[in-house]
Amino acid sequence: MSQAGFAGRAEGLAQDGARLPPFGLRTTNDVALLRQFRVSRQQSTYNRCPAVSNRGYTSCHMGAGEEKSAQAAIAPRAKDYAQWYLDVVRHAQLAEHSAVRGCMVIRPHGYAIWEKMQGELDDRFKATGHVNAYFPLFIPLKLLVQEEKHAAGFAKECAVVTHHRLKSVGGEVVVDPEAKLEEPLVVRPTSETIIWQQYKSWIQSYRDLPLLINQWANVCRWEMRTRLFLRTAEFLWQEGHTAHATEEEARHEARLILDVYTDFAERVMAMPVVRGVKSEGERFPGAVESLSIEAMMQDGKALQAGTSHYLGQTFARAADVKFLNRQGQLEHPYATSWGVSTRLVGALVMTHSDDEGLVCPPKLAPIQAVIVPIYKNDAEKARVAAEAGLVFERLKAQGVAAKLDDREEMQPGAKFYEWERKGVPLRIEVGPKDLEKGQLCLVRRFLKEALPGKEAESRAKRKSFLPRAQVLEGVPAILVQMQDDLLARARAAEALRTRAIETLADYERFFKEEGGGFAWVHWAGSAADEEAMAQRFETSIRCIPLADQTPEAFRGEGRCLFTGKPSRQRVLMAKAY
RNA sequence: CGGGGCGUAGCGCAGUCCGGCUAGCGCGUCUGCUUUGGGAGCAGAAGGUCGGCGGUUCGAAUCCGCCCGCCCCGACCA
């Protein structure tokens with residue numbers, strides 16, 4: 001494809017003008033705030049509340065002396081971040097553990113968010129010229145091992161199918177030993193090998209290139225330890241696999257997709273990311289170069305939110321895929337692969353949520369506004385219901401994903417808590433007083449200025465009584481504003497925990513005393529030095545940021561923090577998920 | 001795989017050390033009445049192979065043995 005063709009493909013992307021703001025100076029108060037967020041590994045002692053019935057919520061039994069409001073089932077984020085995360089996932093009914101070790105059940109509300117993500121991403125893939133297809137779940141072992149490094153990289157986490165039949169022996173059902181497969185099948189941990197096997201028959205000429213294919217699928221990586229969404233044995237993702245006639249074009253594709261991911265993360269998830277190149281140790285097995293977007297979670301740890309790899313000719317060579325180029329010579333095509341997974345749902349939770357539950361950006365919220373009618377008797381109920389129904393219809397007509405919560409068995413307060421836990425951005429209360437005054441009560445799920453740890457103070461401020469017409473017509477604009485606010489808030493939180501560090505002493509203080517975060521440091525060390533740093537501080541090089549990713553103040557040359565050797569640019573160091 | 005924890009009603013737990021009445025409690029569920037602007041109240045009701053198998057005992061949720069499963073921490077990883 002010509003350069004013009006590339007430009008055409010890139011047009012579908014929104015231009016990304018937004019950059020990280022300059023990082024403000026850190027104050028003593030900031031440091032004190034961050035200290036509260038250091039992750040505690042102690043076992044949580046909070047009352048757990050199941051809150052998982054399909055028909056409503058159970059509330060926790062409260063000990064004597066506890067306040068009435070204390071359903072207090074979500075562990076405070078500042079006390080036990082890991083437990084808080086699990087609690088939010090459970091209470092927002094995003095997912096739960098299943099009967100299968102390491103595998104989760106994604107519940108309807110969690111799946112709805114994933115579907116929104118899929119929609120946004122799929123649109124972007126299509127806009128950049130990609131098409132969807134589907135390849136098999138099973139990969140013949142022979143195929144997987146064709147590419148040595150790739151196979152070695154995934155060897156320790158493969159599920160393998162060896163038999164194709166069960167039989168009944170004395171009333172017990174067992175695997176039939178006579179039904180052994182001639183060749184074991186690996187449940188795909190990723191699909192490079194099986195896809196390139198197929199590409200062999202699809203690619204003969206440069207005219208067949210580029211081949212731009214994506215698949216939405218489940219994959220299986222048999223992890224030792226799992227966490228809901230962040231790491232599960234089976235997960236859902238998309239994997240793009242492209243083939244190109246030139247190295248330049250393939251490298252361009254890998255960058256283009258990184259831009260797509262960045263655009264999605266920041267504009268849709270409202271999650272700021274740093275784009276960069278992975279160090280050798282963190283590279284995808286079989287790749288020439290791995291790129292990633294790294295996001296900071298509220299506890300200061302980095303989470304790899306998406307990856308895009310330039311694979312060179314590695315997989316083409318392994319599968320013996322060749323094409324005839326314009327010069328009439330046989331050549332292996334150049335490849336990329338790239339993916340994001342349901343891990344993004346975990347990233348979403350850990351970027352925005354608070355002690356009251358999920359905070360969801362409007363663009364991903366399955367329900368953007370919930371309407372709760374309030375009344376005391378049948379006469380009021382009739383009047384309020386009419387108004388609530390009207391508000392509902394009006395919002396729907398404007399394209400707002402609205403829900404009218406007219407359940408009669410539940411009191412308004414209980415509904416408020418439920419929708420807050422589930423991350424609904426806006427709530428509109430309709431009561432008799434509002435009818436009299438020609439107003440509506442609008443409640444936001446979060447405020448821009450409420451940084452992590454300060455949300456509690458904001459509750460009263462989140463509620464406002466506005467003239468009826470203002471609410472009826474203004475919700476779409478408010479949702480847009482909230483989307484922007486959320487990104488701004490996340491950027492501010494990230495800035496608070498981001499700094500340039502010049503010495504090992506400062507580095508140690510940052511990660512061991514001040515709660516840690518993103519450390520931008522000059523680096524010129526070897527792989528062994530990297531390992532030594534990891535051992536000593538439990539941190540790693542998250543990425544070598546792309547040129548435009550380094551904030552102005554952090555640019556320029558310096559000396560390696562570890563070896564003292566001259567260094568041309570800083571790398572991003574952090575603890576990681 | 002190593003360390004820790006757990007398994008008793010739909011959910012959360014007590015009871016287990018020190019064996020003993022009919023296995024309890026809270027929430028949820030069902031029925032009725034009253035409630036409804038931040039998690040409603042009262043009355044009544046239903047709901048259990050105490051993870052499984054075996055052993056000790058007059059008697060086992062409780063003691064002993066074996067097994068199974070899940071969660072958390074670590075090594076590995078998106």
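To find a chain, count down the sequence lines: A is the first, B the second, and so on, and within it residues start at 1.
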Work out how far the [atom1] atom of [N] is from that of [M], and round it to whole angstrom.
N: B:U62; M: B:G52; atom1: P; value: 10 Å
N: B:U34; M: B:C71; atom1: C1'; value: 43 Å
N: B:U57; M: B:G19; atom1: C1'; value: 9 Å
N: B:G4; M: B:G26; atom1: C1'; value: 28 Å
N: B:U8; M: B:A61; atom1: C1'; value: 7 Å
N: B:A75; M: B:G39; atom1: P; value: 45 Å
N: B:U49; M: B:A60; atom1: C1'; value: 15 Å
N: B:A9; M: B:U29; atom1: C1'; value: 11 Å

* Is A:Gln411 side chain donor-acceptor paired with the B:G41 base, going by distance under 3.5 Å alone? -> no
Short N-O contact, [X] and [Y], less than 4.0 angstrom:
X: A:Arg221; Y: A:Glu234; value: no
X: A:Arg383; Y: A:Glu387; value: no
X: A:Lys381; Y: A:Asp378; value: no
X: A:Asp259; Y: A:Arg275; value: yes

Name the nucleic acid region contacted by [X], choosing base, sugar-phosphate or nothing; use a 4.0 angstrom heavy-atom cut-off, strictly under.
X: A:Glu294; result: nothing
X: A:Asp434; result: base
X: A:Leu303; result: nothing
X: A:Lys463; result: base
X: A:Phe284; result: nothing
X: A:Arg427; result: base
X: A:Phe465; result: base
X: A:Lys381; result: nothing

Counting only Watson-Crick or G-U wobble pairs whose two distances fall under 3.5 Å, which nucleotide matches [N]?
N: B:G38; value: none
N: B:U29; value: B:A45
N: B:C6; value: B:G69
N: B:U56; value: none
N: B:U16; value: none
N: B:A61; value: none
N: B:A23; value: none
N: B:G74; value: B:C1

* Asked: Do the non-hydrogen side-chain atoms of A:Val88 and A:Ser353 ever get within less than 4.5 Å of each other?
  -> yes
* Structure fact -> Result for 5'-nearest mapping on RNA chain B, choosing between A:Glu234 and A:Leu86, is A:Leu86
Tell me: [atom1] of [X] to [atom2] of [N], nearest whole Å?
X: A:Glu408; N: B:C33; atom1: CD; atom2: P; answer: 14 Å
X: A:Leu258; N: B:A78; atom1: CG; atom2: P; answer: 16 Å
X: A:Glu538; N: B:C73; atom1: CD; atom2: P; answer: 13 Å
X: A:Asp378; N: B:U34; atom1: CG; atom2: P; answer: 10 Å
X: A:Phe229; N: B:A78; atom1: CZ; atom2: C1'; answer: 15 Å
X: A:Tyr261; N: B:A78; atom1: OH; atom2: P; answer: 14 Å
X: A:Glu223; N: B:C1; atom1: CD; atom2: P; answer: 16 Å
X: A:Tyr577; N: B:C76; atom1: OH; atom2: P; answer: 18 Å

When you measure from the side chain of [X], which nucleotide among [options] comes out closest?
X: A:His97; options: B:U36, B:A78, B:C72; answer: B:C72
X: A:Tyr375; options: B:U36, B:G38, B:C76; answer: B:U36
X: A:Pro432; options: B:G37, B:G38, B:A78; answer: B:G37

* Asked: Going by 5.5 Å between centroids and 30° between planes, is there a stack of A:Tyr417 over B:G39?
  -> yes
* Asked: Is a side-chain N or O of A:Arg343 found less than 3.5 angstrom from the main chain of A:Leu230, in a donor-acceptor match?
  -> yes
* **N/O donor-acceptor pair under 3.5 Å between A:Tyr261 side chain and A:Gly339 backbone** => yes
* To do: Would you please test A:His150 and A:Thr190 for side-chain contact (heavy atoms from CB on, under 4.5 Å) and show each step?
  => CA-CA 10 Å; A:His150 182 70; A:Thr190 178; 3.7 Å; yes
* **Any residue meeting side chain to side chain donor-acceptor pair (under 3.5 Å) with A:Tyr85, in chain and number order, not counting sequence neighbours** => none
* To do: First locate atom CZ of A:Phe235, then atom OG1 of A:Thr342, and finally report the distance between them rounded to the nearest 0.5 Å.
  => 7.0 Å
* Asked: Pick from A:Arg445, A:His91, A:Arg427: which one makes a side chain to side chain donor-acceptor pair (under 3.5 Å) with A:Glu420?
  -> A:Arg427
* Asked: Listed in order of residue number, which residues of residues 335-345 of chain A have a non-hydrogen atom at under 4.0 Å from RNA chain B?
  -> A:Ser341, A:Arg343
